[in-house]
Structures are given as C-alpha cells and as structure tokens.
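Notes for the one structure printed next.
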Amino acid sequence: MEIYTRLVQFSPAPGDKCRPSSTPIYQTATFEQDSATEFGDYDYSRSGNPTRDVLNSQLAILDHAYGSFAVNSGMAAIVALASLLEAGDEVVLGDDLYGGTYRYFERIARKSGLTVRHVDTTGLAAAREAMTDKTRLVLVESPTNPTMRINDIRGLAEIAHEFGALLAVDNTLMSPYLCAPLILGADVVIHSATKALSGHADLTAGVISAIDPEVSSQIAFAVNAQGLALAPFDSWLLLRGMKTLAIRLDRQVATAARLAAALSEHSGVSAVYHPSLPGFANQDLHRSQCTGDGNVISFQTGSAEASARLIEACKLFRTTVSFGSVTSSISLPFCMSHASIPLGVREHRAFTPDLIRVSVGIEAFGDLWADLEQALEAAKGARLPDLALATG
Ligand SMILES: *Cc1c(COP(=O)(O)O)cnc(C)c1O
C-alpha cells in the first residue's frame, strides 16, 4: 500500500468488540489481572497501553522498523537512545544538532562516563577519522538544522558498521514521509513528533525506532525502566495528527519551494538555504536519500538587527520555536532553539546571528509571501552590519 493509504488504513482497535472507527483512549493507569499469578496483555500503562500500542505499530510501519516506541518528547527519544550506551563508550555527534541534543550529551550523558565528539560528519573522511574501536554510536541529522547541510546516511552507516557502532538519524526535519533512514542503512531513527508528525503544535512527543530486534528490546526496556512512554491521550492526538502527514507535507513542501525561490530573488536577503534551490550544496545526495525537500527554510539578511525586525514585523509567521505545524512560524535559532550551544561550537559559516528559520504551514502561498515581503520592507532601515545579538 502507498503511504497515503497506510496512514489512514489500519486496525484502529484490535480486539475491541464495539469495533470503533477511531482508536479509543484507554485512559487508565492499571488493568485488572485474571489472578495473582496469571497476567493479561496489559497491567500498567507505563509498561503498555492499547492506545499507545496502536500508535507504535503505525510508527513501525512508517519507519520500516522492527520496533517503534512513542515517548514523551523528542528529548525522551534521545534519552532512550543514550541508554544503549555504557561508561567508556565513545559517541560521534554531527556538529549541527538540535540544541537540546547537544545540551543533553554535554551536560547529562557525559556524567555517566561517555566520551562525546562533535564532528562535521558531512565530510565522510572526517567522520571516519573520529571513529575508534570504542565508538558505539554515531548520531546525525540531515538536512542539519538550521544550516541545512546534508549528511550521507548510506556512507555514514557503512563507516559506523565498520567500527561496530550504530548509526542513529534524528529524522525530525524530514519525518518518515520524506525520508526512511532505516532503509538507507541506519540502525536507529528518532523523531521529535512535536513537529511534523503531529503537525498541529498541540502536543510534545517523540519516537524512537530500531531495525534490529535486539536493539528494539533494549529500547523497550529503557523506555519502561525510565518512564519515558507517551500518555494515552497524547498517543491518541499523535495518531490523529499522523493521518494527514502526507497531504499536509505535500502542500507545505511545495509552498516552501516557492517561498525559497521568491526569497532568493529579494534584495533584502543575502542567502537562502532550502534543498529545492538550484545550486543547493549536495542537492543530488539529498534527493538520493529523501523524497522531498522539507518545509523548513533558512535565510540570512546580513544583519542581526534586520533579522530581528523582520521577525517582529511578520503577522502570519508567528514567532515561535519548533516547526512542522500547519501554522507557519518564524524564529531566530541563534537566540531561540539553539541558544544552549556555546558560541565557539556554533562556528559554521552559515550559523550566524542573522540566520532566520521559517517553517511553512498550509496557508496560501500568496498570503505567506505578502507577509514576508512587508516584513522585509519593514526591516530595510536596519540593515547595518552588527553583531548585537551575538550573546547567545
Ligand atoms: C525539537 C527537536 C528535538 C527535541 O524534541 P522535543 O519534542 O522538543 O523534545 C530533537 N531533535 C530535533 C531535530 C528537533 O527539532
């Protein structure tokens, strides 16, 4: 079945005699047992819940995984991932990861005796050089956020496997609809389902999926033992949001390409990063591993002051962190989502204080472009070279 069909055609309530068309919310902490020694399929919702199980099987189909686990947030998925590691293990992280991922590995995971390396993995030679026989995990995003650089997932999987390590891909920016890292050779995929998977900015959730049964069972253990699993109501909301994942993103990706093209022709914009643009670095590689260009665009104005004014002048693009919702949003990653990454680490040429990130929703192109155009006009007077916001 094609994905449009699979997203809505599934058994909503296996075994339920009422045969509901929508999955019931099993809003219960406990399940009664047949006796003190005989246990049913469910006993306690932290460990297992029928609403979440329907969601998990849908996620496993979308991710082409052996096992998928819905958790409380994208960060809970990162915690579950890090639970696969032991003291003394080494981790290679892409150098342009979500700010919270960076913070977790630096401030929490390091305390349990991991060695963490931040590497520009978009160069396979640099990635290989960072590996040792103690490396157990490589974690990357592609495209990276917010600088939109492309990691070679197939190439990194080969390198990781040569050293006996797992390759994990944080696929939040693409979602399972636009990229299937497990098919490309990755071992684990994670998503912040807060973004495109749920699509309505109405819950926080995360997903971790693995292709190998043994790794899946280690993740299942980590999720239960640490209490990471998603609550029944949030599981239901995510299941509902996911039904429209493909049709939402079709429209969002198409509108994003039109906006990226319009931005790149505007005199108030100095650079635009979106895989749809001619001359986008590693466009062929991106298109060989993803089926779409995504709904997130980054661009620069040349001035942090101008970028801040532009964001404030937008009316339809709301100033919010996060992305992937049906409602368009705009942010300044340097001061918002990525502020927890130290300045010295945010050194890539594209990650400047004036870098704006927009997430394109399902609104009409004409309305969105009119909003950006008037905001670019409002920002014009502020185009002085400055680094006033470079405090992070
Ligand atoms: C938002 C995000 C996360 C964290 O997810 P939460 O749901 O906010 O915990 C992780 N990775 C990426 C790429 C993200 O964008």
Side-chain angles (χ1 to χ4, degrees), residues 55 59 63 68-83 91 93-109 118 121-122 137-151 153 167-179 181 186 188-209 223 226-231 234-235 237-238 241-242 249 252 273 290 294-298 320-325 329-334 336-341 346 351 355 357-360:
L55 171 62
L59 289 166
D63 265 343
S68 289
F69 305 89
V71 292
N72 289 315
S73 63
M75 287 320 302
I78 299 278
V79 170
L81 176 68
S83 308
V91 183
L93 301 180
D95 69 346
D96 185 21
L97 289 178
Y98 175 68
T101 307
Y102 177 88
R103 179 175 56 193
Y104 178 77
F105 276 97
E106 281 300 308
R107 310 264 302 268
I108 309 272
H118 306 277
T121 48
T122 60
L137 177 71
V138 178
L139 170 63
V140 300
E141 299 174 19
S142 190
T144 65
N145 162 26
T147 63
M148 308 295 269
R149 283 174 290 151
I150 306 303
N151 272 301
I153 297 173
L167 174 68
V169 176
D170 181 338
N171 195 33
T172 301
L173 205 72
M174 288 289 103
S175 88
Y177 177 49
L178 300 179
C179 186
V188 179
V189 59
I190 62 173
H191 310 274
S192 166
T194 312
K195 319 287 166 59
L197 262 176
S198 61
H200 296 72
D202 52 10
L203 81 156
T204 65
V207 178
I208 177 164
S209 301
V223 167
Q226 295 176 105
L228 305 176
L230 193 62
D234 288 350
S235 296
L237 263 182
L238 178 52
M242 278 163 46
L249 276 178
Q252 289 170 271
Y273 306 91
C290 298
N295 75 316
V296 174
I297 307 168
S298 297
T320 57
V321 292
S322 198
F323 55 85
S325 169
S329 67
I330 191 161
S331 66
L332 205 56
F334 202 88
M336 296 169 71
S337 51
H338 291 64
S340 55
I341 303 179
R346 288 183 254 166
F351 202 159
L355 186 75
R357 184 180 74 192
V358 300
S359 170
V360 178

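Atoms within a ligand are numbered from 1 in the order they appear, just like the ligands themselves. For the numbers below, each heavy atom of this structure counts, side chains included, while hydrogens, waters and symmetry mates do not.
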Does any N/O atom on E141 come nearer than 3.5 Å to any N/O atom on ligand 1?
-> no
Purely on distance, is any nitrogen or oxygen of F323 under 3.5 Å from one on ligand 1?
-> no
Can you give me the closest heavy-atom contact between [X] and [Y], atom names plus distance?
| X | Y | value |
| --- | --- | --- |
| M174 | G294 | CE-CA, 3.7 Å |
| P176 | N171 | N-ND2, 3.9 Å |
| I208 | A77 | CD1-O, 3.7 Å |

What part of T204 sits under 4.0 Å from ligand 1 if we count only heavy atoms: the side chain, the backbone, both or neither?
->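 Neither; nothing of T204 gets under 4.0 Å from ligand 1.
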Please state which part of A193 comes within less than 4.0 Å of ligand 1, counting heavy atoms only: side chain, backbone, both or neither.
->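 None of A193 does.
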Taking [atom] as the reference point, the nearest protein heavy atom with its distance:
| atom | value |
| --- | --- |
| atom 4 (C) of ligand 1 | Y98 CE2, 3.4 Å |
| atom 6 (P) of ligand 1 | G74 N, 3.3 Å |
| atom 2 (C) of ligand 1 | K195 NZ, 2.5 Å |
| atom 11 (N) of ligand 1 | D170 OD2, 2.6 Å |

Distance (rounded to the nearest 0.5 Å) between S359 OG and F323 CZ |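 Reported value, rounded in 0.5 Å steps: 7.5 Å.
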Atom pair CG (D63) and CD1 (I190), whose distance is rounded to the nearest 0.5 Å | 11.0 Å
Could you list the atoms of ligand 1 found under 4.0 angstrom from a heavy atom of T172?
->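 Matching atoms, with element in brackets: 11 (N), 12 (C), 13 (C), 14 (C), 15 (O).
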Can you list the ligand 1 atoms lying under 4.0 Å from a non-hydrogen atom of A205?
-> 7 (O)
Give a yes-or-no answer on whether the side chains of T194 and S192 include a donor-acceptor pair shorter than 3.5 Å.
-> yes
Does even one non-hydrogen atom of A76 get within less than 4.0 Å of ligand 1?
->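 No, A76 has no heavy atom closer than 4.0 Å to ligand 1.
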Does E141 use its side chain to pair, donor to acceptor, with the backbone of T172 at less than 3.5 Å?
->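 Side chain of E141 to backbone of T172, a donor-acceptor pair under 3.5 Å: no, none is there.
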Who passes side chain to side chain donor-acceptor pair (under 3.5 Å) against S331, sequence neighbours left out?
-> none
